[in-house]
Amino acid sequence: MAQPVLAKETVDQPEAAWTPDRPIVEITDVHKAFGPVEVLKGVSLDVMKGDVVCIIGPSGSGKSTLLRCINALVDIQKGSIRVEGQEVHVPKLDKLALRKKVGMVFQQYNLFPHKTALDNVMMAPLKVLKQDRRDVEGRARELLAKVRLTGKEASYPGELSGGQQQRVAIARSLAMGPDVMLFDEVTAALDPETVKEVLVTIRQLAEEGMTCMLVTHEMGFAREIADHIYFTDHGRIVEHGPPAEFFQNAQDPRTKEFLSQIL
Amino acid sequence: MSARRRMRLDNAGTDLPVLLPGAERLADRARRDRLVGTMPRLHWTHGAVLAGLIVLWAGMAEAQTGAAEPGVFDALFRWMPLLLEGFGFNILISFMSMAIGTAVGVALGLGQISLLAPVRGSSWLVTQFFRNAPWLVLLFFVMFMMPFEFVVFGTVIPFPDWIKATIGLALPVMANVSEIVRGAVMSVPSGQWESSESLAFNRRQTLFMIILPQCIKRMIPPWMNLYAILTMATVLASIVGVSEMMTLTRRALAAEQNAFTLLVPFYGFVLLCFFAYCYPIARFTLYLERRYHVIT
């Protein structure tokens, strides 16, 4: 695989320079292409600590790719992404440090099927952060209680419903003690009844002040929970604003069309 | 258990209690058909029928011999200890080939998914080369390529034929295990890699703590299948002169002046031994395949 051309390492703002008054996630003019297909064509957005940001838009508009760029699951061709002032888009990225800061939850839950719910939550702190087993287990049980799964500690993912699995996945991400949580269409694979239990968990997190970035198709939820909504189409942010404004007076014709189809 | 049963009923696609037993059976059969394709299904009765035929065959040969000649069964019983000893040798060769082939094959399979292009490329080449070579030719090749003894610091260490045969048979096993490992790793959904990566696991940790433990279940059935095939292939060693069961059978028959009436019972006995050994493995493999297929 050819090594992509990476941006020059930025030296002007070391990590220590970050203070909570600056954006916790700073995305500037990000370009990403998969082969000849350009998925992101210059996306910029800032997220402040404690903000809940929802990214909406038609499928294939680059929403999920954008989230994956933030924790370096996907590399970018151009632009800059900073998490707590630390540039993500550098060759010598400290991936461990970045991924401790940024948790991610996926559409397909992606729990480890050979481990129990409790082990799923405990695994990363135990094996990656090498924390003490007793501490980790205590916190893991607390996290499972928090996502209302007390009693399911010993269940394997295959024995849990989609909504339960997704909540285990949320607990698993939280176990790393992240500052930012990314949610990639976390309710898209769930049936309508279980969507709610997952959304309640996310809302609880948001209310506790966790910085959240959600890619979602749940417009009602986005309107209710988001501080800011971004609408993307064809790799660009077409329109954004606080939910009240965004849903009531969208200006761009593409946004209007999308909203008319969804709402 | 009840959850599984309920799921089964759902799959059967009927709510009528009268239809349930039949529908369940049909759903079961459909699932099995999807699994094993259109292959005829093995059942233990098939094994019993085959064993019965062979015994009958031997009995018929016995009946054909005149009263003056010594009985076929007498001859067979006389030679049986030697033949079984030879069979034990076949098993030994199969065990060792499998052990060597698996150890090297797993490494080769992991090489095939390496991020380093040279490692990946060479592992792929070796795998493909040995996977697509006739086993017998590989056996000959190793036989004639390797010396019959080593001299280390003046000490002569003999290198017997059967060890060479073991190595020769380990080569195709290695290549097939390599493909089994690669295939199993590839069959794990990419989401597992993604989520592990987002939880800060590095590639090595992901592979050994998350991906491979999930693969083992998927690898066992094809691996056992390969073992059964290997066991049957150990008789190839007779062609290069190893004293395993086939060689010993030929010698025993020669000692009996190649009596025509003995040919079928003797070779039948060899077949029966291999059948008795390999068939349970095939059955067990099938059972595992079904079981793991449902769970994963």
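Proteins come first, then strands; the chains are lettered A, B, ... in the order of their sequence lines, and each starts at number 1.
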Quiz item: Between A:Lys95, A:Lys100, A:Gln108, A:Met123, which shows the greatest number of heavy-atom pairs under 4.5 Å with chain B?
Solution: A:Met123

Quiz prompt | Interface moiety of A:Leu111 toward chain B, non-hydrogen atoms closer than 4.5 Å | solution = backbone

Quiz prompt | Pairs touching residues 123-134 of chain A that satisfy side chain to side chain donor-acceptor pair (under 3.5 Å), sequence neighbours left out | solution = A:Gln131-A:Arg139

Practice problem: Can you tell which part of B:Glu197 gets under 4.5 Å to a heavy atom of chain A, answering side chain, backbone, both or neither? | Solution: both

Quiz prompt | For chain B, the option from A:Asn71, A:Leu129, A:Leu73 that forms the most heavy-atom pairs under 4.5 Å | solution = A:Leu73

Quiz item: Could you give the distance from NZ (A:Lys115) to CD (B:Gln214), rounded to the nearest 0.5 Å?
Solution: 10.0 Å

Quiz item: Side chain, backbone, both or neither: which part of A:Phe112 has a heavy atom under 4.5 Å from chain B?
Solution: both

Self-check item: Members of residues 150-175 of chain A whose heavy atoms come closer than 4.5 Å to chain B
Solution: A:Arg172, A:Ser173

Quiz item: Does B:Trp135 CH2 have over 12 foreign heavy atoms under 6.0 Å away?
Solution: yes

Practice problem: Answer with side chain, backbone, both or neither: which region of A:Val105 has an atom nearer than 4.5 Å to a non-hydrogen atom of chain B? | Solution: neither

Practice problem: Kindly check if the number of other-residue, nucleotide or ligand heavy atoms within 6.0 Å of CD (A:Glu208) is above 12? | Solution: yes

Self-check item: Contacting moiety of A:Met104, where chain B heavy atoms sit under 4.5 Å
Solution: both

Quiz prompt | Nearest non-hydrogen partners of B:Ser198 and A:Arg99, listed with the distance | solution = O-CB, 3.7 Å

Self-check item: Exercise: identify the closest heavy-atom pair between A:His114 and B:Ile210
Solution: CE1-O, 3.5 Å

Quiz item: Which atoms form the tightest heavy-atom contact between B:Leu199 and A:Val128, and what is the distance?
Solution: O-CG2, 3.9 Å

Self-check item: Heavy-atom closest contact (A:Asn110 atom, B:Ser195 atom, distance)
Solution: O-OG, 3.2 Å

